[in-house]
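Notes for the one structure printed next.
The basis for the numbers below is simple: all heavy atoms, side chains too, and nothing from hydrogens, waters or symmetry mates. Index from 1, following the sequence.
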Amino acid sequence: QVRLVESGGGLVQAGGSLRLSCAASGSIFRINAMDWYRQAPGKERELVARFISGDSPNYTDSVKGRFTISRDNAKNTVFLQMNSLKPEDTAVYYCRCTAAGNIYWGQGTLVVVSS
């Protein structure tokens, strides 16, 4: 079992920045991928950024050059640095990990970008 807890969401003006955190606990040694997803009102959940062990991070086209996924292995935490935020980035952001063939989700953190 893996538990994920996100934090760092909030209200920010367009052009601003936020950093989301996702702290993992439990069977973290089994984690082989950690992702950030988001779900905007009335839309399907979409993959934003992916961090697979041994590979370079991947980003959806709409956030390339603005968002950066990183991890602190000592703290078992993955981050999503979000710069140059746009109103269309408004969504609930979820952390997800894959561990030993199982998928785990965090509870989500709300990001609202005002114009």
Side-chain angles (χ1 to χ4, degrees):
Q1 285 279 43
V2 176
R3 182 168 181 253
L4 302 173
V5 179
E6 301 103 329
S7 61
L11 174 64
V12 64
Q13 288 188 331
S17 298
L18 283 174
R19 189 174 83 153
L20 306 183
S21 300
C22 173
S25 60
S27 301
I28 56 176
F29 62 94
R30 294 177 176 270
I31 294 175
N32 51 27
M34 292 195 75
D35 312 320
W36 284 99
Y37 279 74
R38 67 185 179 187
Q39 188 166 19
K43 295 188 177 181
E44 293 187 355
R45 195 171 295 189
E46 65 169 348
L47 176 64
V48 175
R50 168 161 289 169
F51 208 134
I52 300 176
S53 297
D55 286 348
S56 299
N58 292 312
Y59 301 93
T60 191
D61 286 346
S62 62
V63 308
K64 284 182 180 177
R66 300 189 298 122
F67 290 11
T68 303
I69 188 171
S70 62
R71 63 193 296 174
D72 183 333
N73 290 328
K75 297 181 179 180
N76 301 317
T77 301
V78 65
F79 303 98
L80 185 67
Q81 178 67 43
M82 306 186 296
N83 298 328
S84 302
L85 282 162
K86 304 175 181 180
E88 51 263 44
D89 295 318
T90 294
V92 178
Y93 284 71
Y94 297 90
C95 180
R96 188 190 92 152
C97 79
T98 305
N102 297 310
I103 295 174
Y104 301 92
W105 291 92
Q107 82 286 355
T109 185
L110 177 63
V111 172
V112 177
V113 184
S114 63
S115 57

| query | Can you find a heavy atom in the side chain of F51 that is under 4.5 Å from one in the side chain of R71? | reply | yes
| request: Indicate if L80 and V12 have the same hydrophobic cluster label, given that clusters are the connected sets of ILVMFWY residues with side-chain heavy-atom separations under 4.5 angstrom. | output: yes
| field | Step-by-step side-chain hydrogen bond (donor to acceptor under 3.5 Å, both in side chains) determination, D72 to T77 | value | CA-CA 5 Å; D72 183 333; T77 301; over 6 Å; no
| field | Between OG on residue S56 and CD1 on residue I69, distance to nearest 0.5 Å | value | 12.0 Å
| Test applied, side-chain contact (heavy atoms from CB on, under 4.5 Å); reference residue, L20; option that passes from F79, F67, W36, Y94 | W36
| said: Test of understanding: clusters of I, L, V, M, F, W, Y form through side-chain heavy atoms closer than 4.5 Å, transitively. Do M82 and V92 belong to the same one? | reply: no
| note | One should read off an interatomic distance between E46 CD and E44 CD, to the nearest 0.5 angstrom, of 10.0 Å
| request: Might you work through the side chain to side chain contact (heavy atoms under 4.5 Å, CB included) test for I103 and R96, ending with a clear yes or no? | output: CA-CA 7 Å; I103 295 174; R96 188 190 92 152; 3.6 Å; yes
| task | Quick one: do Y37 and R45 satisfy side-chain hydrogen bond (donor to acceptor under 3.5 Å, both in side chains)? Show the steps, please. | result | CA-CA 7 Å; Y37 279 74; R45 195 171 295 189; over 6 Å; no
| Would a 4.5 Å heavy-atom cut-off, applied to side chains only, mark L85 and L18 as touching? | yes
| message | Nearest 0.5 angstrom please: S70 OG to M34 CE, how far? | response | 11.0 Å
| request: Taking D55 for its side chain and I52 for its backbone only, find out whether a donor-acceptor pair lies under 3.5 Å. | output: no
| said: When you measure from the centre of the six-membered ring of Y59, is the NZ or CZ of R50 closer than 6.0 Å and no more than 45° off the axis? | reply: no
| query | Which atoms form the tightest heavy-atom contact between R38 and D89, and what is the distance? | reply | NH1-OD1, 2.9 Å
| request: Please report the closest heavy-atom contact between E6 and C95, naming both atoms and the distance. | output: OE2-N, 2.7 Å
| request: Search all heavy atoms of V63 against all heavy atoms of V48 and return the closest pair with its distance. | output: CG2-O, 3.8 Å
| message | Can you tell me how far apart CG (N83) and OG1 (T68) are? Round to the nearest 0.5 Å. | response | 6.5 Å
| Is the closest basic N to carboxylate O distance between D61 and K64 below 4.0 Å? | yes
| said: Under 4.5 Å between side-chain heavy atoms, counting indirect links through other Ile/Leu/Val/Met/Phe/Trp/Tyr residues: same cluster for V78 and L47 or not? | reply: no
| request: Please check if any side-chain donor atom of T98 sits under 3.5 Å from a side-chain acceptor atom of N32, or the reverse. | output: no
| So, does R66 use its side chain to make a donor-acceptor pair with the main chain of S84 at under 3.5 Å? | yes
| field | Distance in Å, S62 OG paired with K86 NZ, rounded so as to fall on 0.5 Å steps | value | 8.0 Å
| What are the two closest heavy atoms between S7 and T109, and how far apart are they? | C-OG1, 4.3 Å
| request: State the CG-SG distance between L4 and C97, to the nearest 0.5 angstrom. | output: 4.5 Å
| request: Please answer: with hydrophobic residues joined when any side-chain heavy atoms are less than 4.5 Å apart, are W105 and Y93 in the same cluster? | output: no
